[in-house]
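Below is one structure, written out as structure tokens; comments come after it.
We use all heavy atoms of the structure for the numbers below, so side chains are in, but hydrogens, waters and symmetry mates are not. The model shown is predicted, which means the values in this text are computed figures rather than measured ones. Residue numbers begin at 1 in each chain, while the letters A, B, ... track the order of the sequences.
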Amino acid sequence: MAVYPFHTIEKKWQAFWAEKKTFRTPDEPVADKPKYYILDMFPYPSGAGLHVGHPEGYTATDILARYKRMKGFSVLHPMGWDAFGLPAEQYALETGTHPRVTTERNIARFRQQLQSLGFSYDWEREVATTDPDYYKWTQWIFLKLYERGLAYQAEVAVNWCPALGTVLANEEVIDGKSERGGHPVIRRPMRQWMLRITAYAERLLADLDSLDWTESIKEMQRNWIGKSTGAEVQFQVSGFKFQVTVFTTRPDTLFGATYMVLSPEHALVDQIATLEQRAAVKAYQEAAARKSDLERTELQKMKTGCFTGAYALNPVNGHKIPIWIADYVLASYGTGAIMAVPAHDERDYAFAKMFNLPIVEVISGGDITKEAFTGDGVNVNSANAEISINGLPTPEAKAKITAWLEGKGIGQAKVNYKLRDWLFSRQRYWGEPFPVIFVDGESQPVSVDSLPLTLPEVETYTLSGTGESPLATIPSWIHTTDPKTGAPATRETNTMPQWAGSCWYYLRFIDPKNQQRLVDPAKEKYWMPVDLYVGGAEHAVLHLLYARFWHKVLYDAGVVSTKEPFQRLVNQGMILGEMEYTAFYDEAGQPVSAEFAGEEHHDIRTNAKLKAERVEDDFVEKKGDCFVLKENNAIRVNARAFKMSKSRGNVINPDDVVRDYGADTLRLYEMFMGPLEQVKPWSMKGVEGVHRFLNRVWRLFMDDRADALLPEIADAEPTKDQLRWLHKTIKEVTGDVEDLRFNTAISTMMEFSNECQRWTQRPKPVMETFVLLLAPFAPHFAEELWLRLGHADTLAYTPWPQFKPEYLVQDTLEVPVQVNGKLRGKVTVPNGAAQEAVVAAAQADSGIAPHLAGKTIRKQIYIPGRMLNLVVG
RNA sequence: GCCGGAGUGGCGGAAUGGCAGACGCACUGGACUCAAAAUCCAGCGCCCUUCAAAGGCGUGUGGGUUCAACUCCCACCUCCGGCACCA
């Protein structure tokens, strides 16, 4: 089936590029050239090798990188490895193989696979986060954080996963289970390193506005940071000298606060609990501590709590209100305590109903006998001897009461963020060691000169079992001395999380071999920021937020010159497996229509177990909105494409595609599937389609029997029509590439080739220009044709074709004619014809005239050259 | 529940408010062939009628704005992604 020899061609050009260092970006910036830094999210080199999802983003960036080079830009397009991480360590545990060995093997495989796809990376800039020359600077950045008071230790309740033997970040816990492996996670206090990302919350939020990212990603980050504006209010505890401070976004509802709730972990609980209540309080606290996050979520609907026996005084009306503890109040947000306004907060409402607490309306506009009214409204029941906010709309009531509280010294305006400090240590071996030692239990940084602090060799990767890292089992690692005093010291046994290395790799690519500095300032100034960053949406929040945080710290430390690292961000959509049709059968083997099949494959009517079976598309047809079995079209089947997974057996291996169709076909197909950012199903038939396209293009040039250029490729003068086609193609492909609309760029080139096929003379200049347009998409293929057309050198730096509008001008135009908004025909008129002439032509047209017969033209709308609409009546 | 995105042929998808369905796949017919594959040519939203021409209906649903709506506005439905007791 193969016509053009893609195997030979692809190998040959990959070798050529490597040998000639075609894509080497000079170490020193080229001052007079505009720069373009185009970056892929570097992969974790897993043992499974490359997956068809990887080349999607990589092809997109490669096309743009090649295009920009032809446009005269100095392009930085590097690749590296996010190589620390759990799987290699897990594998070490099982087999005793050093994670470094596994990692190196996996990297070699990934590199070879990426190279087989013809990506134009500058491989001399390759970095791996596991390389001591690299993590030296990760540790250096940690010391910067430490110096600035942004790294600290805390005894925190962490997500402890017994199965993985490690602590996980909140973000790595999904529904109370570990994101990796789905093991249960419980809460347990432990000494941990924390990074004070919260100190940067406001800047991380505000600077989003300056970024050219999709609104949805920015919104996700905004939600994650979760800024809310309100007030802190102090409540005097009745019979004690101290107050409890709460945070509220609705200080205007203060008159409606009928009780208070502290989180079970709140520091004052033990002091205020009365004797009678003490045992109950203690029991509740213990129960809450035992609850995993999963249990907390499951019980979300059911509010629980316990009265402390203590009372507080509502500062605006002096009412004595009970103080409760309940786990619906989180210790880690705000002050860990709330004033409860059941009339105007759904959670407080549910709690008040549950425990029979008073509900007092202070905002009119709802019906509090039925449900909480949480919207804005007008205050009622909200006055004391000194102040009244009655009759005020919500925003004004908030301002007035906050000012009053401030004046009395019992409250002030306050901003809070959902964002928490970043839990930055893992109890693992395969990560960056912390460059700190402990002398008399006090942490102190190691000197910068002593970096990198390298990982020691270990006998066993078995976890310590105490929750500490395997490093804790190596006495030679733990015991050291303070270089300043010679006093005995111990080392940190935790390591950094995988996020650390990926927080700053884009900087190292700029100056990957620099031994003196993280990055040379002049080079940094030239290349930063990253102009385009492409990767999966799964990193929408965490990686991007962490990297932005480190970048801002480095900005404050004078290491980088930009406030933000990634100017433009695009997320490629996931590639799903092929579309699958699934039919359901009961125990007796009788087909059951898909609408009766519930989740877990049970009949939702009888709860009987069903068997799901895949059906070939030939046995399925469409009926209305659904697909049904052809043999019995009362039986619906499910039609869906699923995420690729080993267990489902629908994984496509890029190596196989490269073997059967070539890298250029794979690249072209991945781009042709649909818009880059969209989720889309794989189709092997689609791969064949683009492969056919390449074969057709090959035959536009080559006589494949003679292995020579066709005689049709001539040094002839192009016709007007040929130039029009060419320049239309240049215009559209250029615009599409600029906007990353690769799918439509490819269809435009397909249209050109379809047209071209009809030409008996294919003027060489026209055909050469077309090869250049195709080059970023199918680089090996284009290089080979370029060579066959008589060019000695690579086309990688040949100027991108220029579109000339004058070639698009046509002598005659076909203008669609509508009558009352309905298309009735088309008329052909000279280009630039006056409206009257077009109308006259329409009236004369045999197809259109009947629709005008006997009617008066009341209105004419003519969009020159595009449309004529005649309104008649 | 809240936030974001998307609903267009059998399928993937295309259309600065101006010819809906480009391009590709699948399918149908034809050419080439002893035959098949490959390739080339033609057709291909639905409905009615038909030798044909012509016509009607069509972009999730219902309204609206406009000479003209896949595109703009309002309401709703479905699917996907994220967040989820954050006071």
Residues that A:Ser846 engages under side chain to side chain contact (heavy atoms under 4.5 Å, CB included), provided they are two or more places apart |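 Expected list: none.
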
For A:Lys414, which residues count as a side chain to side chain contact (heavy atoms under 4.5 Å, CB included) partner, sequence neighbours excluded?
->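 Partners of A:Lys414 under the side chain to side chain contact (heavy atoms under 4.5 Å, CB included) test: A:Glu232, A:Phe247, A:Asn416.
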
Restricting to salt bridge (Lys or Arg N to Asp or Glu O under 4.0 Å), what partner residues turn up for [X], sequence neighbours left out?
X: A:Lys859; result: none
X: A:Lys353; result: none
X: A:Asp421; result: none
X: A:Glu755; result: A:Arg758

Would you indicate, yes or no, if B:A87 has its OP1 or OP2 atom less than 4.0 angstrom from a side-chain nitrogen or oxygen of A:Tyr328?
->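 Negative; the distance criterion is not met.
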
Look at A:Arg699 and B:C40 and indicate whether a side-chain polar atom (N or O) is within less than 4.0 Å of OP1 or OP2.
->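 Yes.
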
Determine which pairs satisfy salt bridge (Lys or Arg N to Asp or Glu O under 4.0 Å) with at least one residue from residues 665-686 of chain A, sequence neighbours left out, and list them in order.
-> A:Glu56-A:Lys680, A:Asp62-A:Arg667

Check the chi torsion on B:G55 and let me know: syn if it falls within 90° of 0, anti if not.
-> anti

Which whole-number value in Å describes the distance from [X] [atom1] to [N] [atom2]?
X: A:Asn571; N: B:G81; atom1: CG; atom2: P; value: 15 Å
X: A:Asn416; N: B:A87; atom1: CG; atom2: C1'; value: 9 Å
X: A:Lys218; N: B:G5; atom1: NZ; atom2: P; value: 13 Å
X: A:Arg222; N: B:A84; atom1: CZ; atom2: C1'; value: 19 Å
X: A:Arg824; N: B:A53; atom1: CZ; atom2: C1'; value: 15 Å
X: A:Asn820; N: B:G55; atom1: CG; atom2: C1'; value: 16 Å
X: A:Leu545; N: B:C83; atom1: CG; atom2: P; value: 13 Å
X: A:Ile225; N: B:C83; atom1: CD1; atom2: C1'; value: 14 Å

Atom of A:Thr253, atom of A:Val341 and distance for their closest heavy-atom approach = OG1-CG2, 3.4 Å

Measuring only the [atom1] atom in each nucleotide, how far is [N] from [M]? A whole number of Å is fine.
N: B:A54; M: B:C40; atom1: C1'; result: 33 Å
N: B:G58; M: B:C3; atom1: C1'; result: 34 Å
N: B:C67; M: B:G82; atom1: P; result: 45 Å
N: B:C25; M: B:A14; atom1: C1'; result: 15 Å
N: B:C11; M: B:G5; atom1: C1'; result: 22 Å
N: B:U65; M: B:C73; atom1: C1'; result: 7 Å
N: B:G21; M: B:G13; atom1: C1'; result: 9 Å
N: B:C19; M: B:G7; atom1: C1'; result: 24 Å

Comparing A:His851 and A:Ile338 on RNA chain B - which has the more 5′ nearest nucleotide |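 The residue closer to the strand's 5' end, by nearest nucleotide, is A:His851.
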
Earlier contact from the 5' end, RNA chain B, for A:Lys859 and A:Met339 |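 In this pair, the answer is A:Lys859.
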
Tell me, for nucleotides 11-25 of chain B in 5' to 3' order, what letter each nucleotide earns: B for a base near a protein heavy atom under 4.0 Å, S for only sugar-phosphate near one, - for neither?
-> SBSS-B-BB--BBSS

Bracket string, RNA chain B, 5' to 3' - pairs by Watson-Crick or G-U geometry under 3.5 Å, | interstrand | (((((((..(((.....[....))).(((((.......))))).(((.......)))..(((((..]....))))))))))))....

Indicate the ring-plane relationship of A:Trp759 and A:Phe752, choosing parallel, tilted or perpendicular according to the 30° and 60° boundaries.
->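 Taking A:Phe752 first and then A:Trp759, their aromatic rings stand perpendicular (interplane angle over 60°).
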
Is the A:Phe693-A:Phe672 ring centre distance short of 6.0 angstrom?
-> no

Side-chain donor-acceptor contact under 3.5 Å, A:Tyr284 with A:Thr304 =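 Note: A:Tyr284 and A:Thr304 side chains meet the donor-acceptor criterion.
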
Under 4.0 Å between any heavy atoms, over every strand shown, what does A:Glu346 touch: base, sugar-phosphate, or nothing? Just pick one.
-> nothing

Nearest to the side chain of A:Leu330 - B:A87, B:U39, B:C67?
->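 The answer is B:A87.
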
Taking the side chain of A:Met220 as heavy atoms from C-beta outward, which of B:C83, B:C3, B:G82 is closest to it?
->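 The closest nucleotide is B:G82.
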
